[in-house]
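Take a look at the structure below.
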Amino acid sequence: MAQENFLVILPYAIAFLLFTATLVSYRVIFGPTLADRAVALNTATTKAVVIIAMLSLLYDAPYLLDVSIVLLMVNAVGGLIIAKYMEVRA
Amino acid sequence: MHFYLRQRLEEVRKRVLYESYEAQKLPAWERIVITWMALFAFWIVISGKFSPSHMITGALVTLIVAVVTRDFLTDDIRQTGHLISKAAYIFLFLIPQYLFIMAFRLLESNLKVVKNVLFMDINPGIVKVKSNLHSNTGLTVLANSITLTPGTLTLDVTKKLGEAYLYVHWIDVETLDGEKAGMKIKGEIEEWLKKIFW
Amino acid sequence: MIELLFLLFGIFIMFFGALGLLRFPDVYTRLHATAKCDTGGAISILLALALASDFPITGKLKFLVIAFMIAMINPMVSHAIARAAYKSGIKPKAVVDMYAWDNP
């Protein structure tokens with residue numbers, strides 16, 4: 001296992017990042033324009049990638065890293081497609 | 001008449017650029033080998049297993065993908081002769097230097113965003129900056145570096161008559177003069193990038 | 001010890017990035033906050049995890065691969081969203097707008 005004090009502090013770090021993602025979801029729900037929603041969704045997905053990488057250390061399960069790589073790629077393609085949609089609709 | 005001459009001049013210039021570009025391109029098998037090496041390194045890092053079945057499967061699959069997509073990654077590599085020694089020089093010496101510079105610029109920009117969020121002392125504006133790079137890959141790396149340096153965000157890139165211009169959203173506009181703004185925004189990153197890209 | 005410092009710094013930076021997303025006035029300044037703070041915070045946390053974990057060497061390399069891909073993908077997506085927001089007609093609250101001078 002990894003170092004003990006690091007593993008003790010890790011669940012609190014995950015809880016704090018989830019609280020931050022909750023703050024961001026205000027901008028997802030009440031954002032004035034579509035661009036605000038896209039930005040906030042991108043931010044929340046990056047936080048989810050980091051949280052999954054932390055969970056792989058906490059559960060001692062290296063296969064979760066593959067999940068976070070795939071989620072990151074989906075995030076990139078999704079952001080580009082939303083940007084393309086906004087540009088075409090204008 | 002005047003407009004026609006300008007259009008004609010642009011057309012001729014574009015064609016000359018394109019022909020000199022085509023004449024310097026790498027041969028096909030070298031492009032395939034470079035793409036295949038990059039993809040196979042990525043396969044090894046992602047799979048993380050070294051048994052023969054994994055290695056053979058990865059080699060075959062990445063070779064097929066490399067044959068199809070051989071133009072995407074090596075589009076801006078010029079024929080300079082000593083490709084291996086140049087690649088070793090870039091990967092061993094220039095890229096660690098770049099990562100070292102960018103790490104401290106990123107730290108500085110994070111602290112500056114924290115200061116801006118706390119005190120809200122913003123004065124935003126969009127300025128236009130001329131760039132000395134011409135290749136697509138170099139412009140992409142320059143735009144990403146500008147986005148990560150403190151206080152700036154790249155908005156758009158235009159290329160006209162062989163000259164590239166960047167539109168930069170600046171959160172605290174200090175000067176409107178093109179030269180001074182370019183010096184403040186790009187700094188040493190562009191001179192560093194001129195060593196690799198053209 | 002150094003990895004704990006990296007972890008706390010990354011969480012601090014990501015919290016201020018989210019706060020900037022809530023407080024700034026328009027899309028472009030919000031993009032400033034998220035692009036820089038998410039990239040820096042995520043790279044810092046992933047470096048801390050790579051230092052603290054006891055996975056084999058390929059497992060540690062995967063953390064660095066994720067950090068490198070975040071550093072490439074995040075500015076690219078923010079650039080695309082900023083350009084699309086300008087094209088779809090969101091005017092920036094700015095003192096000078098040279099993009100509107102050249103593309104009327």
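Order of the sequence lines fixes the chain letters, A, B, ..., with proteins taken first and strands second; residue numbering starts at 1 for each chain. No experiment lies behind these values; they were computed from the predicted model shown.
A heavy-atom distance below 4.5 Å is found between the side chains of A:K47 and C:D38. In this structure the side chain of C:F63 reaches within 4.5 angstrom of the side chain of A:S56, judged on heavy atoms. When side chains are defined from C-beta on, A:M54 counts as touching C:L7, because their heavy atoms get closer than 4.5 Å.
For A:V49, the part lying near chain C is the side chain, with the backbone staying farther off; criterion is any non-hydrogen pair under 4.5 Å. Only the side chain of C:I45 comes within contact range of chain A, with heavy atoms under 4.5 Å apart. Neither the backbone nor the side chain of A:Y85 comes within contact range of chain C; no heavy atom of the residue lies under 4.5 Å from a heavy atom of that chain.
Of the listed residues A:L65, A:V24, A:I69, the one with more heavy-atom pairs under 4.5 angstrom with chain C than any other is A:L65. Here C:L22 is the residue among C:L22, C:L8, C:L4, C:I11 with the most heavy-atom pairs under 4.5 Å with chain A.
Atom-to-atom distance recorded for A:T43:OG1 and C:L21:CG is 5.5 Å, nearest 0.5 angstrom.
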Identify all side-chain donor-acceptor contacts of residues 71-85 of chain C below 3.5 Å with residues at least two apart in sequence or on another chain.
{"from": "C:S78", "atom 1": "OG", "to": "C:N74", "atom 2": "O", "distance (Å)": "3.4"}
{"from": "C:S78", "atom 1": "OG", "to": "C:P75", "atom 2": "O", "distance (Å)": "2.8"}
{"from": "C:R83", "atom 1": "NE", "to": "B:D156", "atom 2": "OD1", "distance (Å)": "3.1"}
{"from": "C:R83", "atom 1": "NE", "to": "B:D156", "atom 2": "OD2", "distance (Å)": "3.4"}
{"from": "C:R83", "atom 1": "NH1", "to": "A:E87", "atom 2": "OE1", "distance (Å)": "3.4"}
{"from": "C:R83", "atom 1": "NH1", "to": "A:E87", "atom 2": "OE2", "distance (Å)": "3.1"}

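Interface residues of residues 74-82 of chain A toward chain C, defined by a heavy-atom distance below 4.5 Å and sorted by number: A:A76, A:G79, A:L80.
Ring geometry for C:F15 versus A:F16: interplanar angle of 30 to 60°, hence tilted.
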- request: Start with the C-alpha gap between C:T34 and A:N42, add the side-chain angles, then the distance that decides, and say whether side-chain contact (heavy atoms from CB on, under 4.5 Å) holds.
  value: CA-CA 9 Å; C:T34 60; A:N42 210 332; over 6 Å; no

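Of the possible donor and acceptor atoms, none in the side chain of A:R89 sits under 3.5 Å from a partner among the backbone N and O of C:S88.
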